[in-house]
Amino acid sequence: MGSIFKSLSVIRNPIKSFVGFIEANISVLKHCSKQRLITEGQVLHGHLYKIGISSHRHVAIKLLIMYLDFRRSSEVDQLLKDYEGFDMIVHNCLISANVDWGNIDEARKLFDEMPERNEVSWTALICGYLKYGRVDESMWLFQRNPFQNVISWTAAISGVLSNGMHSKSIELFLEMLRSGVNPNNVTFVSIIRASTEMGNFSLGMTLLSLAIKLGYEGDVSVCNSLITFSLRLGKMEMACGVFERMGKRDVISWTAILDMYVEMGDLEEARKVFDEMPERNEVSWSVMISRYTQKGYAKEAIRLFRQMIENDIAPNSSCLSSAINALANLKALHSGKNIHAYVMKLGMSNDVFVSSSLVDLYGSCGNTEDGRLVFDNIKNKNVVCWNGMISAYSSNGNLEEAKKLFDQIPMKNIASWNSIVSGFLGNEEYGKVLEVFNDMLLLGQTPDVSTISSVLCACANLTSLHKGKNLHGKTLKLGFQHDVFVNTALVDMYAKSGDIENSKRVFNKMHEKNEVSWTAMIQGLAENGFGEESLEVFEEMEKTSSIKPNELVLLSILFACSHCGLVNKGLYYFNSMEKLYMIKPNERHYTCVVDMLSRSGRVKEAEDLIMSMPCEAEVSAWGALLSGCKTYGEDEIAERVGLKIQEMVEKKSCGYVLLSNVYASSGRWSEVMKTRNLMKERGLKKSGGCSWIEVRNELHLFYSQDGTHMDLNDIYIIEMVVELNCTTPSNLNIKSLCLNYGTQKIPTSTKFGKKGNPRLSLQTRSCLGNGNGGVRSDGIGKRDGVIIVDHGSRRKESNLMLNEFVAMFIAKTGYPIVEPAHMELAKPSIQDAFHACVEKGANRVIVSPFFLFPGRHWHQDIPSLTAEAAKDYPDVSYLITAPLGLHSLLLDVVDDRIKHCLSHIAGDAEECAVCVGTGKCRLH
DNA sequence: CTAGGGTTAG
């Protein structure tokens with residue numbers, strides 16, 4: 001508004017000259033046009049009409065251009081009536097307007113029907129073709145242009161450049177020099193941009209010397225482009241030097257320097273420049289606003305946006321979309337609707353950028369319907385708005401609609417693929433992620449770091465080590481080895497697949513580590529039973545980085561302490577969470593500590609803690625406490641806990657499984673049945689792991705009735721498996737068998753990653769991998785006749801099931817077993833157990849280790865210890881069943897005896913290799 | 001003796 005008043009004051013002042021008066025009015029009209037001040041423009045039109053100068057030729061043409069800009073066809077028609085017959089300038093205006101509207105063929109028609117053309121007509125049309133990528137047609141016209149001047153040359157140079165043809169623009173420039181036309185400041189601006197985009201420093205310097213020779217070294221625009229040139233080529237000092245030497249600086253010069261600080265990530269210095277700038281326009285505001293939004297300072301972004309509006313700066317589409325993005329980050333639906341109304345008032349609802357942000361805003365607020373309305377109203381949909389709508393559906397769990405839309409995109413880009421990939425990822429449809437990824441590769445689309453991180457995350461959740469390793473190779477080929485997101489995803493993938501060695505290897509090689517990287521490593525170590533190392537990495541993080549531990553890290557630390565038996569250390573961290581780390585323990589942290597105390601026999605303390613909780617205790621906390629009572633014979637506490645659980649069942653309809661356990665342990669079988677029936681009546685499904693078996697390409701899922709013990713049917717199937725396996729191993733058509741017992745969940749559902757960054761989420765996962773699809777996706781289970789027994793919960797009752805299975809296995813095969821579940825109780829060494837088995841007359845031994853071997857790195861110990869023990873008995877064959885994802889680690893100790901032993905199950909030795917290893921050992 | 005065509009900051 002400020003500049004309007006300035007111009008108006010000229011108008012109100014005594015008229016010095018008529019020409020000055022006209023010029024002032026024209027300048028105000030131009031301002032209205034540029035700032036889309038439709039109402040103001042119309043008011044001014046009325047005023048000009050009243051004082052009788054609206055039909056002054058120059059004023060009338062400006063009015064025409066203004067209405068053309070506003071796309072007011074009735075007003076345009078009205079004004080055109082005043083020009084009877086042919087008028088070259090009006091015709092040129094119409095050509096330009098049609099070019100602006102994208103009606104290039106209409107513009108050509110207007111051009112062709114002109115009885116007479118001038119240099120402006122030619123240049124306008126040539127530019128029009130260049131604007132829409134029709135380079136050949138424009139060059140055809142350019143060569144036939146009878147009015148070559150510096151403007152048409154410059155137009156051609158910059159138009160060709162905008163189409164990415166750098167060398168062609170240089171060629172044109174040289175041709176221009178040869179033809180005797182001298183470049184002006186605008187030409188230099190364009191050609192310096194060419195050298196900027198080519199990254200050609202010496203070319204830039206040559207051009208600078210030519211500019212100095214022709215007297216343009218002091219030109220503001222030329223200096224501005226020199227600033228950008230230096231910045232893009234990494235010469236900060238040169239940029240500052242140019243800026244400081246400038247005799248006159250405009251808002252563009254200041255904004256360029258502002259942007260330099262913003263790009264350097266120095267928001268404070270940028271803010272200083274911003275506050276000191278003598279003049280700010282919508283771009284300067286936009287730079288600040290968008291950067292505040294990107295850096296996560298959404299509120300500050302909105303504050304600036306408000307301030308800008310108060311300063312009467314009309315926001316452009318970039319500002320608006322940044323502000324809308326900020327609101328989307330804040331999930332501020334109400335303010336979002338206000339800004340939507342504002343957009344409509346400004347007449348900007350046709351802008352694709354603004355509309356895309358609005359789609360995103362509604363999506364972030366869970367309002368996909370309104371998002372879809374905006375989306376459907378976008379006339380010239382570009383790939384960005386398609387992607388936005390897909391993300392909106394994806395993030396709200398409507399993958400069906402997202403996929404439907406995805407398949408309709410006319411021109412998919414990498415972001416389109418990424419939004420559908422992260423949609424499936426966020427919805428935990430990991431198999432779909434891999435499917436889409438395959439499609440993408442087949443269609444020849446190269447993945448980027450975001451795709452790779454997402455797919456790695458899917459592999460991690462599928463514990464699909466084989467695929468993950470393949471991807472690791474791909475990242476190296478694509479040159480992503482230094483990307484922090486990709487590396488973090490690799491750390492997580494290896495850790496979740498149980499390959500902690502590789503996880504550590506990647507982690508230690510990382511040059512840059514962020515919060516998620518540290519979290520993934522600490523969590524990975526804790527989950528895989530390397531509690532002490534997990535604590536070491538945590539301490540390293542505290543010492544060497546400025547990263548504050550988050551909820552998830554602390555949960556992992558508590559978990560690690562619990563599983564290493566470091567009860568006091570665990571309590572120390574738990575008690576200092578709020579003081580030291582400003583994190584309020586949530587119910588998961590409490591569960592962990594209750595479990596830790598119960599496990600170590602401090603059952604009373606555990607009970608006191610659970611009773612003093614400020615939040616609701618999780619069912620599993622009560623479960624942990626109850627099992628502590630059982631182990632340590634705390635019948636009195638157990639009784640109180642039982643009552644509490646009963647109360648919980650009555651009040652909140654949860655904890656049925658626990659309750660039935662309470663009854664079962666005291667032999668009240670009728671109560672057990674009652675509880676189970678009650679569950680059935682209420683339509684409740686069990687919680688906890690499910691097991692599955694794939695027979696003849698059909699997947700059979702089964703759940704135990706109460707979640708801790710398997711269904712009788714399970715036993716039947718297992719029996720069947722064993723039966724089949726023993727009698728006709730070669731005809732066996734069982735693809736894989738996966739048994740899960742009482743999986744203990746490590747709750748880890750904090751999501752990381754912001755919009756625009758590769759998304760990485762560490763999700764809830766049991767320490768075993770609930771439902772272990774990984775058996776299949778690993779490629780291991782795909783071979784007929786391979787049985788993989790996945791086990792390893794630390795719970796004793798879980799291992800009872802394993803033992804039942806193994807007992808049956810033994811009955812059918814004659815294999816005795818060394819099972820660490822027994823070891824934990826009796827604490828024999830593997831050697832002792834091995835000796836004991838052989839002494840009892842066994843000639844085949846199965847070693848079936850824990851996943852979380854308490855306090856031990858099982859893969860370091862088990863195979864070597866077993867091999868050590870087996871040395872004394874060369875006639876005895878043995879089998880080590882490896883927990884999922886750790887098969888590859890057994891490779892080092894695979895000897896012929898293991899192969900022989902496995903061949904008994906698998907049918908032949910080559911299949912065995914598949915069973916114990918991954919890709920590397922697949923025999924050709 | 002102007003108006004209509006070419007540029008730089010995001």
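Every chain is numbered from 1, with letters handed out A, B, ... down the list of sequences. Predicted model only: the values in this text are computed from it and were never measured.
Around atom CZ of A:Arg134, more than 12 heavy atoms belonging to other residues, nucleotides or ligands sit under 6.0 Å away. Annotation for A:Tyr132: atom OH counts as buried by contact number, over 12 foreign heavy atoms lying within 6.0 Å.
Rounded to an integer number of Å, the gap from A:Met88 CE to B:dG5 P is 14 Å. Between the P atom of B:dG5 and the CD1 atom of A:Ile61 lies a distance of 11 Å, rounded to the nearest Å. Whole-Å rounding puts the A:Asn184 CG to B:dT8 P distance at 13 Å. Going from atom CZ of A:Phe147 over to atom P of B:dG6 covers 17 Å, rounded to whole Å. At whole-Å resolution of the value, CD1 in A:Ile157 and C1' in B:dT7 are 12 Å apart. For A:Leu68 and B:dA3, the CG to P distance is 18 Å, given to the nearest whole Å. Whole-Å rounding puts the A:Leu79 CG to B:dA3 P distance at 19 Å. Taking atom CG of residue A:Asn224 and atom P of nucleotide B:dG10, one finds them 11 Å apart after rounding to whole Å.
Checking the phosphate oxygens (OP1, OP2) of B:dG6, no side-chain nitrogen or oxygen of A:Ser158 falls inside 4.0 Å. Checking the phosphate oxygens (OP1, OP2) of B:dT8, a side-chain nitrogen or oxygen of A:Arg193 falls inside 4.0 Å. Applying the 4.0 Å criterion to OP1 and OP2 of B:dG10, one finds that A:Arg232 has a side-chain N or O inside that range.
Base contact: A:Asn149 has a heavy atom under 4.0 Å from a base atom. Within the 4.0 angstrom heavy-atom criterion, base atoms lie near A:Ser221. Residue contacts for A:Ser318: at a heavy-atom cut-off of 4.0 Å it reaches a base atom on one of the strands shown. In this structure, A:Glu119 reaches the bases: a heavy-atom distance under 4.0 Å links it to at least one base atom across the strands shown. Heavy atoms of A:Ile65 sit under 4.0 angstrom from primed sugar atoms or phosphate atoms, though from no base atom. A:Val287 comes within 4.0 angstrom of the backbone, heavy atoms only, and of no base.
Residue-to-nucleotide contacts include a donor-acceptor pair under 3.5 Å from the side chain of A:Asn281 to the base of B:dA9.
With sequence neighbours left out, the side-chain hydrogen bond (donor to acceptor under 3.5 Å, both in side chains) criterion links A:Glu300 to A:Arg271, A:Arg303. Under the ring pair (Phe, Tyr, Trp, His ring centres under 6.0 Å) criterion, A:His166 pairs with no residue, sequence neighbours left out.
Checked against B:dG10, B:dT8, B:dG6, the side chain of A:Val150 finds its nearest nucleotide in B:dG6. Candidate nucleotides B:dT7, B:dG5, B:dG10 were compared by shortest atom distance to the side chain of A:Thr123, and B:dG5 ranks first. Nearest to the side chain of A:Arg57, among B:dA3, B:dT8, B:dG6, sits B:dA3. Comparing B:dG6, B:dA9, B:dG10 by their closest approach to the side chain of A:Val251 singles out B:dA9.
By the 4.0 Å N-to-carboxylate-O rule, A:Arg57 lies close enough to A:Asp87 to be salt-bridged with it.
Neither side chain, A:Ser335 nor A:Asn338, offers a donor N or O lying under 3.5 Å from an acceptor on the other.
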